[in-house]
Amino acid sequence: MSSQAFIASARARATRLSSVAAIVAAAEKLRAQGVNVIDLGAGEPDFPTPENIKDAAKRALDENFTRYTAASGIIALKEAICARAATDFGAEFSPSQCSVTVGGKHAIFNAVVSLIDPGDEVLVERPCWVSFPEIINFAEGRMVPLDTEGTDFHLTADQVRDAITPRTKLLIVNSPSNPTGRVIAAPEFRKIIEVAAEHGLWVISDECYVQFVYPPGKPNSAATLPPELRERVLIAGSLSKTYAMTGWRIGFVLGPEAWVTEVTKINSQSTSNVNSITQRAAVAALTESQESVAKMLAEYTRRRDWLVPALNAIPGVSCGAPEGAFYGFPNVRGLMQECGFETSKQLADTLLYDYGVVLTGGSAFGIDGYLRLSYANSLEAIQEAVSRIGRMRQERS
Ligand SMILES: Cc1ncc(COP(=O)(O)O)c(C=O)c1O
């Protein structure tokens, strides 16, 4: 019997394990060793899934709603997704413009893979969510980063226009953004899509944090665009953050029917469908009271309002106020210099291994000199983490 080493495909070899997943694993290991670890690394709500959603899942089980469903999802859920877009954004979509996916990540994966051919250029703001470059790479597209540090992490229509070439096929926008928490103001958002449409680009609007915009800001979706612009945009939605349902794995695409059909085709040959129980729970999430969402937003606001001034009070740290999502993204170049760190990853590693604080270095998102702190953790935990960062500065500078 010959024993040959397993050699993964070129495509698999070119795919990296999520750097956030690697941090989560490192923190888990420390915790198992008894270290008091504070986790500001996780990009997921610390709240439990609301009771009414869990009740709907229990009912689905009791009713034996446990079989395959249509690859694009059950009709009641697609109708609920369309109804939410109508209620929240005054937009009319039909269920045929909707396909249910295994989370927002799967929505974006299938949307990219169903559009991009090798060598096609994809415009993405940088810093950006860790999975955009990997998904584009998987599809053999070429990511063209649009650096937003100079505009306080707000993507502009001019930047998009300047980056377009004959090979550009797709623009990905993500507002509110992970990791920066910035929101593209509605007028600029519209201009960006106008530029994309003028040049025949397609757009994915990742709206996974759309419901978490801090007052006086308001949620803004591509759904509000006029029909001639909207026909270029596929919305990638997710229930993960909005309803504290990260483990349930449920998201969707909403937009041009021809694109949605391709997404469904890929669903049908990979995941078949999102699990039937989750789909029933998602109907309850979207159609019943939205009070839990408002409560979570109020709590994130309270934490943000404590965190941002506290970070700015540390010498060498400067943090703009997140306008949405639940991430602080401070510039820590001064702190790095003072404490002798060359990269924000070194700083993040020291905070993890010597101070038990989990957070993510900016380089994971394509920019060094920053840290991402998720404030989806209790205010007490956030306060303790900031105090440990301050202690590290005192001990290392
Ligand atoms: C910007 C962004 N898009 C999409 C997702 C995907 O979320 P999920 O697959 O859990 O719906 C995430 C999760 O962290 C995210 O931060």
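Counting convention: from 1, in listed order, for ligands and their atoms alike.
The shortest non-hydrogen separation linking Val130 to Glu134 is O-CG, 3.9 Å.
With a 4.5 Å cut-off on side-chain heavy atoms, Phe329 and Ile367 count as touching.
Listed by number with element, the atoms of ligand 1 under 4.0 angstrom from any heavy atom of Gly103 are 9 (O), 11 (O). Below 4.0 Å from some heavy atom of Ser238 lie the following atoms of ligand 1, by number and element: 8 (P), 11 (O). The atoms of ligand 1 that sit less than 4.0 Å from any heavy atom of Asn174 are 1 (C). Counting atoms of ligand 1 from 1 in the listed order, those under 4.0 Å from a heavy atom of Gly104 are 8 (P), 9 (O), 11 (O). Proximity to Asn178 (heavy-atom distance under 4.0 Å) selects the following atoms of ligand 1: 1 (C), 15 (C), 16 (O). Numbered from 1 in the order shown, with element, the atoms of ligand 1 that lie under 4.0 Å from a heavy atom of Arg249 read 8 (P), 9 (O), 10 (O).
Atom CD of Glu384 is separated from atom OG of Ser387 by 4.5 Å, given to the nearest 0.5 angstrom.
Checking Asn178 against Arg372 by side-chain atom types alone, a donor-acceptor pair falls below 3.5 Å. Donor-acceptor pairing under 3.5 Å is recorded for the side chains of Thr246 and Glu44. Side chains of Asn377 and Asp39: no donor on one and acceptor on the other come within 3.5 Å.
Remark: ligand 1 and Ser240 share an N or O pair separated by less than 3.5 Å (distance only, no angle test). At under 3.5 Å, not a single nitrogen or oxygen of Tyr327, backbone or side chain, sits near a nitrogen or oxygen of ligand 1. An N or O contact shorter than 3.5 Å is missing between Ile108 and ligand 1 by distance.
Just one of Tyr327, Phe47, Tyr209 meets the ring-ring contact (aromatic ring centres under 6.0 Å, His included) condition when paired with Tyr300; it is Phe47.
Under the 4.5 Å side-chain heavy-atom criterion for grouping Ile, Leu, Val, Met, Phe, Trp and Tyr, Leu234 is connected to Ile136 within one hydrophobic cluster.
Under 4.0 Å from ligand 1, not a single heavy atom of Glu44 appears. Within the 4.0 Å heavy-atom criterion, neither part of His106 lies near ligand 1.
With hydrogens left out, the protein atom closest to atom 2 (C) of ligand 1 is Asp206 OD2, 3.3 Å, a heavy atom. In this structure, atom 5 (C) of ligand 1 lies nearest to the protein heavy atom Trp129 CZ2, 3.4 Å. Of all protein heavy atoms, the one lying nearest to atom 6 (C) of ligand 1 is Lys105 N, 3.5 Å. Protein heavy atom in closest approach to atom 13 (C) of ligand 1: Lys241 NZ, 2.9 Å.
Under a 4.0 angstrom heavy-atom cut-off, Gly251 registers as lying outside contact with ligand 1.
A side-chain donor-acceptor contact under 3.5 Å links Gln279 to the backbone of Ile74.
For the pair Arg304 and Phe326, the cation does not sit on the ring face, since its NZ or CZ is not both under 6.0 Å from the ring centre and inside 45° of the axis.
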